[in-house]
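Step one of this worksheet: look at the structure below.
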Amino acid sequence: MATTLRQTPLTCSGHTRPVVYLAFSQLCSDGYFLISASKDGKPMLRQGNTGDWIGTFEGHKGAVWGVALNADASRAATGAADFSAKVWDAVSGEELHNFSHSHIVKSVAFSPNSSELLTGSHEKLLKIFDLGKPEAEPQVFAGHTGGLKHVLFMNDGKQMLSCAEDKSIRVWDKASGQEIQKLEVANNPTSMELSADGKTLTVTYGSKVAFLNPEMLEMQREVTVPTAVYSASLHPDRSVFICGGEDFKMYKFDYNTNVEIESFKGHFGPVHCVRFSPDGELYASGSEDGTLRLWQTTVGKTYGLWKCIDASSNENNITIKPEATA
């Protein structure tokens, strides 16, 4: 008996202001984890497959714009409007390092071996801090003419990717300190994601989701979405991608045909950030409404807190989720 399954997201509350960025860890011995950045200045760590709150990192004195977890989820990094980037022990919640900047820090990223922290800020600079020598001056990369939005390491930490409010995406070489590639786009980029295998860069700008070769910044495909799109994420197996933006909706597209599969309104404000989990079983979204939501990639599958019941029932997909509170 065929029944249309209804998508029932898990709602993770706790933030008191808009959720502006989120990041999953890689798969590790305890599953995987999810960290969220919010304008309330209190980044939160959660169990990735359930959304259950683990802890809040206390110490920033302004909106937190960027967050990251290292490979084994032992360290967290945050960038904020208080002109600082911080590194934390993700197990104890203790602040380990504080790196001062002269403007708002919008993005942070760990090197693959967790020895370095990359930051992007409204200084229009990329900076790499050596976590083994936190007092040392950072390596600085200049060239952008607008505030940085997002920064990433690639090629085992030998190169970096950045996008900024100068309508450009750039590739940098760590050894030489030089910019080696640049792509100008029609609007200021709003998000950037590198696939786990390092072969596909997903970027959003205007109403477009673009997929690029990350080293040469060659356009592989560009898809138009029915709204101003703020974030997109490609499934680990490249079957689908999801995106969200100004119209409060979540969209899912077939990656191979660019055809929209579904769209649904789950938030009560614009969607600022979306990401697939490392196993591809779910995706998370963060919104102006102050919530994180977790969505199933395959609706009706028993996974995490989702329990699939008798298919002959009208309610095929029931969730029992306590509100996660900080």
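Given the structure is predicted, the values throughout are model-derived calculations rather than measurements. Each residue takes its place number in the sequence, starting with 1.
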(message) Can you pull out every salt bridge (Lys or Arg N to Asp or Glu O under 4.0 Å) where at least one residue sits in residues 54-66? Sequence neighbours excluded, please.
(response) Lys42-Glu58
(request) Would you please say whether a donor-acceptor pair under 3.5 Å links the side chains of Ser285 and His267? (result) yes
(message) Hydrophobic cluster membership, with links at side-chain heavy-atom distances under 4.5 Å among I/L/V/M/F/W/Y: are Val105 and Val87 in one?
(response) yes
(message) Does anything in residues 114-139 form a ring-ring contact (aromatic ring centres under 6.0 Å, His included)? List the pairs, not counting sequence neighbours.
(response) Phe99-Phe129, His101-Phe129, His103-His122
(message) I need the Phe33 CZ to Leu45 CG distance, nearest 0.5 Å.
(response) 6.5 Å
(request) Indicate if Val67 and Met192 have the same hydrophobic cluster label, given that clusters are the connected sets of ILVMFWY residues with side-chain heavy-atom separations under 4.5 angstrom. (result) no
(message) My understanding is that only residues two or more places apart in sequence, or in another chain, count here; which of them pass salt bridge (Lys or Arg N to Asp or Glu O under 4.0 Å) with Glu179?
(response) Arg170
(request) Answer with yes or no whether the hydrophobic clustering places Tyr303 together with Leu294; edges join I, L, V, M, F, W, Y residues whose side-chain heavy atoms lie under 4.5 Å apart. (result) yes
(request) To the nearest 0.5 angstrom, please state how far the OG atom of Ser176 sits from the CD atom of Gln159. (result) 9.0 Å
(message) Testing the basics here: between Leu117 and Ala77, what is the closest heavy-atom pair and its distance to 0.1 Å?
(response) CD1-CB, 3.6 Å
(message) Under the salt bridge (Lys or Arg N to Asp or Glu O under 4.0 Å) definition, can you give me all pairs with a residue in residues 97-118, not counting sequence neighbours?
(response) Glu116-Lys174
(request) Report the residues that fulfil ring-ring contact (aromatic ring centres under 6.0 Å, His included) with Phe264, sequence neighbours left out, ordered by chain and then residue number. (result) Trp295
(message) Tell me every residue that passes ring-ring contact (aromatic ring centres under 6.0 Å, His included) with His60, counting only those two or more places apart in sequence or in another chain.
(response) none
(request) Please report the closest heavy-atom contact between Ala37 and Val64, naming both atoms and the distance. (result) CB-O, 3.5 Å
(request) Give every residue pair that meets the salt bridge (Lys or Arg N to Asp or Glu O under 4.0 Å) criterion with at least one member in residues 232-244, sequence neighbours excluded. (result) Asp197-Arg238
(message) Any heavy-atom pair between the side chains of Pro226 and Glu260 that's under 4.5 Å?
(response) yes
(message) Can you confirm whether Leu201 sits close enough to Ile169 that some side-chain heavy atom of one is under 4.5 Å from a side-chain heavy atom of the other?
(response) yes
(request) For the residue pair Phe253 and Val225, establish whether any side-chain heavy-atom pair is separated by less than 4.5 Å. (result) yes
(request) State whether a side-chain donor-acceptor pair under 3.5 Å links Thr291 with Thr11. (result) no
(message) Tell me if a side-chain donor or acceptor on Asp40 pairs with a main-chain N or O of Thr16 at a distance below 3.5 Å.
(response) yes
(request) Apply side chain to side chain contact (heavy atoms under 4.5 Å, CB included) to Arg75 and Ser114, showing your working. (result) CA-CA 8 Å; Arg75 296 286 183 268; Ser114 305; 5.7 Å; no
(message) Once rounded to the nearest 0.5 Å, what's the spacing between atom CD of Gln181 and atom CG of Leu161?
(response) 10.5 Å
(message) Rounded at 0.5 Å granularity, tell me how far OG in Ser233 sits from CD1 in Ile242.
(response) 4.5 Å
(request) Please report the shortest heavy-atom distance between Ser287 and Gly269, naming the atom on each side. (result) OG-O, 3.2 Å
(request) Scan for ring-ring contact (aromatic ring centres under 6.0 Å, His included) pairs involving residues 183-218, sequence neighbours excluded, and state none if there are none. (result) Phe211-Phe241, Phe211-Tyr255
(message) Do Ser231 and Glu193 have side chains that approach each other closer than 4.5 Å (heavy atoms only, starting at C-beta)?
(response) no
(request) Output the distance between atom CG (Leu217) and atom CG (Leu212), rounded to the nearest 0.5 Å. (result) 6.0 Å
(message) Taking Lys158's backbone N and O only, do any of them form a donor-acceptor pair with Asp156's side chain (distance below 3.5 Å, no angle check)?
(response) no
Which atom pairs, donor and acceptor, lie under 3.5 Å between side-chain atoms of residues 88-96 and protein residues at least two apart or in another chain?
| from | atom 1 | to | atom 2 | distance (Å) |
| --- | --- | --- | --- | --- |
| Trp88 | NE1 | Thr78 | OG1 | 2.8 |
| Asp89 | OD1 | Val91 | N | 2.8 |
| Asp89 | OD1 | Ser92 | N | 3.0 |
| Ser92 | OG | Glu94 | N | 3.2 |
| Glu95 | OE1 | Lys86 | NZ | 3.2 |
| Glu95 | OE2 | Lys86 | NZ | 3.3 |

(message) Less than 4.5 Å apart, side chain to side chain, heavy atoms only: is that true for Thr119 and Val151?
(response) no
(message) Contact between Trp306 and Leu10 at the side-chain level, heavy atoms closer than 4.5 Å - yes or no?
(response) yes
(message) For the CD atom of Glu281 and the OG1 atom of Thr298, what is their distance to the nearest 0.5 Å?
(response) 6.0 Å
(request) Output all residues satisfying ring-ring contact (aromatic ring centres under 6.0 Å, His included) with Trp172, sequence neighbours left out; order by chain, then residue number. (result) His144
(request) Measure from the side-chain N and O atoms of Thr227 to the backbone N and O of Gly245, and report whether any donor-acceptor pair falls under 3.5 Å. (result) no
(message) Could you tell me if Thr190 and Thr204 have a donor-acceptor pair between their side chains, going purely by distance under 3.5 Å?
(response) yes
(message) Between Leu148 and Ile104, is there shared hydrophobic-cluster membership here, with clusters defined by ILVMFWY side-chain heavy atoms closer than 4.5 Å?
(response) no
(message) Does this structure show an ion pair linking Lys167 with Glu184, if we count only N-O contacts that are shorter than 4.0 Å?
(response) no
(request) Identify the heavy atoms of Gly286 and Leu292 that sit nearest to each other, and give their distance. (result) CA-CD2, 4.1 Å
(request) Tell me, please, which residues at least two apart from Ser277 pass side-chain hydrogen bond (donor to acceptor under 3.5 Å, both in side chains). (result) Asp279
(message) So which atom in Ser111 and which in Ser115 form the shortest heavy-atom distance, rounded to 0.1 Å?
(response) OG-N, 3.2 Å
(request) Could you check if a side-chain atom of Met160 sits within less than 4.5 angstrom of a side-chain atom of Ile128, using non-hydrogen atoms only? (result) yes
(request) For Val171 and Glu215, work out which heavy atoms get closest and say how close. (result) CG2-O, 4.0 Å
(request) Please tell me if the side chains of Ser107 and Tyr21 come closer than 4.5 Å, counting only heavy atoms from C-beta onward. (result) no
(message) Using side chain to side chain contact (heavy atoms under 4.5 Å, CB included), reason through Ile35 and Phe57 one step at a time and then give a plain yes or no.
(response) CA-CA 10 Å; Ile35 188 172; Phe57 299 100; 3.9 Å; yes
(request) Determine the sole option in Arg17, Lys39, His272 for which the side-chain hydrogen bond (donor to acceptor under 3.5 Å, both in side chains) test with Glu288 is passed. (result) His272
(request) Report whether Val271 and Val240 are members of the same hydrophobic cluster (ILVMFWY, side-chain heavy atoms less than 4.5 Å apart, transitive linking). (result) yes
(message) Please enumerate all residues that pass ring-ring contact (aromatic ring centres under 6.0 Å, His included) together with Phe24, with sequence neighbours excluded.
(response) Tyr32
